[in-house]
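Residue numbers count from 1 along this sequence.
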Amino acid sequence: MTAVPAFLSRLCEADRAALSERWTTASFLHSEFIVAHGDLSRDVFFLLEGRARVTLYSEDGKEIAYRDLAAGDIFGELACIDGKERSASVVAREPTHVAHLPPATFRKLVENHPRLAWTLLEHLSTLLRRMTDRVYEFSTLVVRERLILELLRRAEEAGPLHGKVSISPAPTHFELAAQISTHREAVSREMSDLAKRGLIEKRGNSLVLHDLAALEALAGQA
């Protein structure tokens, strides 16, 4: 697995300046909706500070988390491109600062800045591959394997430190369950087993992964 740089960090200085000269900024509180599923707005957003989550909720209130957003990420681009309603909600995970552009402005920028257009294509390709991987995982892997793969993805984003990986803040069992399409009790059971094996350890507000190779091997067992 390879961590993908945030959208804004992949742009050249001229393209970033073209965006920032035209966008408007706004702030959101923890748990506040930035974008609501089904909404008819078309603005494109860029996360400048904070964290957010792309998610949906079932009729019984179960959260289905698609991906987490960090500073530099883009979201809301699908509605701008196809003109349809929002495909998911985006919720602030902490006090968050965003920038947004009207659809006509964003489309014009894409048309006039080829490198921006190509970066957008790469971004959409990454989303498609990620969704393909998740469909495969949900269709073929058991909870333990899906959980380990999610932990490894988070470890890739955090990066190694002294031969180990510390994920901070540690994801809650509820959050992990939402990411891998299961219930909290199943995650708690598997996390407890991984801890007993010495593969993971909760330290304060962090989750330490002690042996990435062993986790990868365990995820590959059917």
Task: Glu185 versus His173, side-chain donor and acceptor atoms under 3.5 Å - done: no
Open item on the list: Taking side chain to side chain contact (heavy atoms under 4.5 Å, CB included) as the definition, give me every residue that meets it alongside Glu85, ordered by chain and number, with sequence neighbours left out.
Closed with: Leu40
Task: Contact check, side chains of Leu109 and Leu19, non-hydrogen atoms, under 4.5 Å - done: yes
Open item on the list: Between Leu212 and Leu152, is the side chain to side chain contact (heavy atoms under 4.5 Å, CB included) condition met? List the steps.
Closed with: CA-CA 7 Å; Leu212 297 183; Leu152 290 173; 3.9 Å; yes
- [ ] May I ask whether Val208 and Leu218 are part of the same hydrophobic cluster, defined by side-chain heavy atoms of I, L, V, M, F, W, Y residues being less than 4.5 angstrom apart, directly or through others?
- [x] no
Open item on the list: I need the Leu11 CG to Arg16 CZ distance, nearest 0.5 Å.
Closed with: 6.5 Å
Open item on the list: Using the rule that Ile, Leu, Val, Met, Phe, Trp and Tyr join whenever any side-chain heavy atoms are under 4.5 Å apart, tell me whether Phe75 and Val91 fall into a single cluster.
Closed with: no
- [ ] Might you work through the side chain to side chain contact (heavy atoms under 4.5 Å, CB included) test for Glu77 and Phe45, ending with a clear yes or no?
- [x] CA-CA 7 Å; Glu77 71 284 357; Phe45 290 80; over 6 Å; no
Open item on the list: So Glu216 and Ile148, do their side chains get closer than 4.5 Å, heavy atoms only?
Closed with: no
Task: Shared hydrophobic cluster, Val54 / Phe7 (ILVMFWY, side-chain heavy atoms < 4.5 Å) - done: no
- [ ] Please examine the side chains of Val143 and Arg189, heavy atoms only from C-beta on, and report whether any two atoms are closer than 4.5 Å.
- [x] no
Task: Pairs where residues 89-102 contributes a residue and the test salt bridge (charged side-chain N to carboxylate O under 4.0 Å, His left out) is met, not counting sequence neighbours - done: Arg51-Glu94, Arg93-Glu175
Open item on the list: When you group the ILVMFWY residues by side-chain heavy-atom contacts below 4.5 Å and let the links chain together, are Val90 and Phe46 in the same group?
Closed with: no
Open item on the list: If I compare all heavy atoms of Arg86 with all of Gly76, which pair ends up nearest, and what's the gap?
Closed with: NH1-O, 3.0 Å
Task: Rounded distance (nearest 0.5 Å) linking atom NE2 of His37 with atom OH of Tyr57 - done: 12.5 Å
Open item on the list: Check for me, please, whether Leu121 and Ile81 land in the same ILVMFWY cluster - side-chain distances under 4.5 Å, paths through other members count.
Closed with: no
Task: Nearest-0.5 Å distance, OG of residue Ser181 to CZ of residue Phe138 - done: 5.0 Å
Task: Separation between CD1 of Ile180 and CG of Leu147, rounded to the nearest 0.5 Å - done: 5.0 Å
- [ ] Using atom types as modelled and distance alone, determine if a side-chain donor or acceptor of His113 lies under 3.5 Å from a backbone N or O of Leu116.
- [x] no
TODO: Only pairs at least two apart or in different chains count here, so list each side-chain hydrogen bond (donor to acceptor under 3.5 Å, both in side chains) that has a residue in residues 132-143.
DONE: Glu137-Arg153
Open item on the list: Filter on side-chain hydrogen bond (donor to acceptor under 3.5 Å, both in side chains), then keep only pairs touching residues 195-209, sequence neighbours left out; what's left?
Closed with: Ser168-Ser206, Asp193-Arg197, Glu201-Arg203, Glu201-His210
Task: Nearest non-hydrogen partners of Ser87 and Leu56, listed with the distance - done: O-CD2, 3.7 Å
Open item on the list: Are the side chains of Thr126 and Leu124 in contact, using a 4.5 Å heavy-atom criterion?
Closed with: no
- [ ] Compare every heavy atom of Asn112 with every heavy atom of Pro114, then report the nearest pair and how far apart it is.
- [x] CD-O, 3.6 Å
Task: Heavy-atom side-chain contact between Leu209 and Ile167 under 4.5 Å - done: yes
TODO: First locate atom CZ of Arg10, then atom CG of Leu120, and finally report the distance between them rounded to the nearest 0.5 Å.
DONE: 9.5 Å
TODO: Indicate the atoms forming the closest heavy-atom contact of Leu47 with Gly50, along with that distance.
DONE: CD2-O, 3.6 Å
TODO: Would you mind listing every side-chain hydrogen bond (donor to acceptor under 3.5 Å, both in side chains) that reaches into residues 98-108, with sequence neighbours excluded?
DONE: Asp43-His100
- [ ] Any chance you could measure Thr96, atom OG1, to Leu69, atom CG, to the nearest 0.5 Å?
- [x] 9.5 Å
TODO: Looking only at non-hydrogen atoms, find the nearest pair between Leu199 and Ala214 and report the distance.
DONE: CD2-CB, 3.7 Å
- [ ] Measure the shortest side-chain to side-chain distance between Leu207 and Leu151 over non-hydrogen atoms and say whether it is less than 4.5 angstrom.
- [x] yes
Task: Within-4.5 Å side-chain heavy-atom neighbours: Val98 and Leu48 - done: no
- [ ] Could you tell me whether Asp68 and Arg154 make a salt bridge, using a distance below 4.0 angstrom between a side-chain N and a carboxylate O?
- [x] yes
Task: Pairs touching residues 20-33 that satisfy side-chain hydrogen bond (donor to acceptor under 3.5 Å, both in side chains), sequence neighbours left out - done: Ser27-His97
Open item on the list: Show the nearest heavy-atom pair for residues Gly83 and Arg42, with the distance to one decimal.
Closed with: O-NH2, 2.6 Å
TODO: Could you check if a side-chain atom of Gln179 sits within less than 4.5 angstrom of a side-chain atom of Tyr66, using non-hydrogen atoms only?
DONE: no
